[in-house]
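Shown next, in structure tokens, is the structure this report addresses.
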Amino acid sequence: IWLNRYLSGDLIYTRAPLRDSGNPRSWELPMTLANAVDWAAIQADSRGTVHVVYGATAASGIEHTEYHIKSDDSGLTWSEPVSAYTGSTAVPSIIRPEIAVDGRNRLHVGMSINSNDYGVYSEVGYVQSADGGTTWSAYKQVQTLGTTFQGVAWISPFAFGDDEVHLTWHDPRRMHAWSTDGGVTWRGPIEIIPLAAAFGG
């Protein structure tokens with residue numbers, strides 16, 4: 001998947017057999033999955049279902065939605081979008097989701113919301129789905145603003161085994177929170193490393 005522009009781009013998908021993926025001719029004609037997308041991420045679960053999450057912002061820049069779509073036939077057809085999160089900000093912003101899948105096929109999504117004007121507003125949060133994206137948990141705000149004018153950004157989930165889930169983000173320190181029960185309860189946050197000068201990528 002990719003976007004054809006930095007903001008409000010078309011979300012585009014293509015596929016190829018793994019054994020032939022090094023051959024450019026083996027890739028299928030790209031298809032457009034959604035329009036006016038801020039950011040998107042893709043993962044597959046152990047059953048072979050492909051999950052895509054993407055963030056979209058209304059033309060006003062104030063209202064934000066994180067959508068989930070899935071494919072049960074290896075990307076040939078896709079489900080209708082399901083809203084996993086909706087919210088609004090006081091200033092124009094964008095929403096950036098990242099996804100991880102645990103050993104029980106629960107979907108864990110971290111979301112970064114950052115103002116178009118650098119450092120004016122930011123927050124990072126988390127939602128999850130235990131039923132393959134049909135329903136979603138309430139939004140958990142992990143952190144808002146930050147320790148400097150740069151705010152918070154770039155939250156990413158990571159899943160290991162059945163129940164171990166980690167979230168990392170910048171505030172601009174590199175921060176970490178973790179769960180050993182599939183995201184029901186959380187420990188932290190703690191600092192991994194300082195990033196006093198700027199976000200560390």
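If you read the sequence from its start, that first residue is 1, and numbering goes on from there.
In this structure, a donor-acceptor pair under 3.5 Å is absent between the side chains of Gln141 and Tyr139. A donor atom on one side chain and an acceptor atom on the other are not found under 3.5 Å apart for Gln128 and Trp136. No donor-acceptor contact under 3.5 angstrom links the side chains of Arg173 and Thr147, judged on distance only. With hydrogens and angles left out, the side-chain atoms of Ser46 and Asn105 include a donor and acceptor closer than 3.5 Å.
Here Phe158 pairs with nothing under the ring pair (Phe, Tyr, Trp, His ring centres under 6.0 Å) rule; sequence neighbours left out. With sequence neighbours excluded, the residues forming a ring pair (Phe, Tyr, Trp, His ring centres under 6.0 Å) with His51 are His68, listed by chain and number. Scored by the ring pair (Phe, Tyr, Trp, His ring centres under 6.0 Å) test, His64 finds no partners at all (sequence neighbours excluded). Residues forming a salt bridge (Lys or Arg N to Asp or Glu O under 4.0 Å) with Asp181 (at least two apart in sequence, or on another chain): none. Scanning for side-chain contact (heavy atoms from CB on, under 4.5 Å) contacts around Asp10 gives Asn4, Ile12, Thr32, Asn35, with sequence neighbours left out. Trp39 pairs by the ring pair (Phe, Tyr, Trp, His ring centres under 6.0 Å) definition with nothing, not counting sequence neighbours.
For the pair Glu123 and Thr144, the tightest heavy-atom approach, listed with the atom from each and the gap, is CB-OG1, 3.9 Å. Taking every heavy atom of both residues into account, Ile113 and Ser93 meet most closely at CG2-CB, 4.0 Å. Across every non-hydrogen atom of Leu167 and Val142, the tightest pair is CD1-CG2, 4.1 Å. For the pair Pro92 and Ser60, the tightest heavy-atom approach, listed with the atom from each and the gap, is CG-O, 4.1 Å. Looking at every heavy atom in both residues, Thr185 comes nearest to Ser179 through O-OG, 2.8 Å. Across all their heavy atoms, Arg106 and Asp102 have their closest contact at NE-OD2, 2.7 Å.
Side-chain atoms of Thr65 never come within 3.5 Å of backbone atoms of Thr86 as a donor-acceptor pair (strictly under, hydrogens ignored). Not one N or O on the side chain of Ser26 forms a donor-acceptor pair closer than 3.5 Å with the backbone of Pro24. Side chain of Ser115 to backbone of Val120: a donor-acceptor contact under 3.5 angstrom is found. Looking at Arg104, its side chain never comes within 3.5 Å of a backbone N or O of Gly182 through a donor-acceptor pair.
Taking the side chain as every heavy atom from C-beta outward, Tyr85 and Val109 never approach each other to under 4.5 Å.
Using cut-offs of 30° and 60° on the angle between ring planes, the pair Trp78 and Tyr13 is perpendicular.
Arg47 has a carboxylate O that lies under 4.0 Å from a charged side-chain N of Asp45, or vice versa, which qualifies the two as a salt bridge. The existence of a salt bridge linking Asp38 and Arg96 is excluded, since no basic side-chain nitrogen approaches an acidic carboxylate oxygen closer than 4.0 Å.
At least one cation-pi condition fails for Arg15 and Trp27: the charged atom is not both under 6.0 angstrom from the six-membered ring centre and inside a 45 degree cone around its axis.
Taking a 6.0 Å sphere around OH of Tyr126, one finds it holds more than 12 heavy atoms contributed by other residues, nucleotides or ligands. When the shell of 6.0 Å around CG of Leu18 is examined, it contains 12 or fewer heavy atoms from other residues, nucleotides or ligands. No more than 12 heavy-atom neighbours from other residues, nucleotides or ligands sit within 6.0 angstrom of CG on Asp117.
Distance NZ/Lys70 to CG/Leu107: 8.5 Å, rounded to 0.5 Å. With rounding to the nearest 0.5 Å, the separation of CG in Leu11 from CD1 in Ile42 is 8.5 Å. The OG atom of Ser129 sits 9.0 Å away from the CD1 atom of Ile99 when rounded to the nearest 0.5 Å. Separation of atoms CD (Glu191) and NE2 (His176) is listed at 13.0 Å; rounding is to 0.5 Å.
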Check against side-chain hydrogen bond (donor to acceptor under 3.5 Å, both in side chains), Ser112 and Asn114: CA-CA 6 Å; Ser112 304; Asn114 294 93; 4.8 Å; no
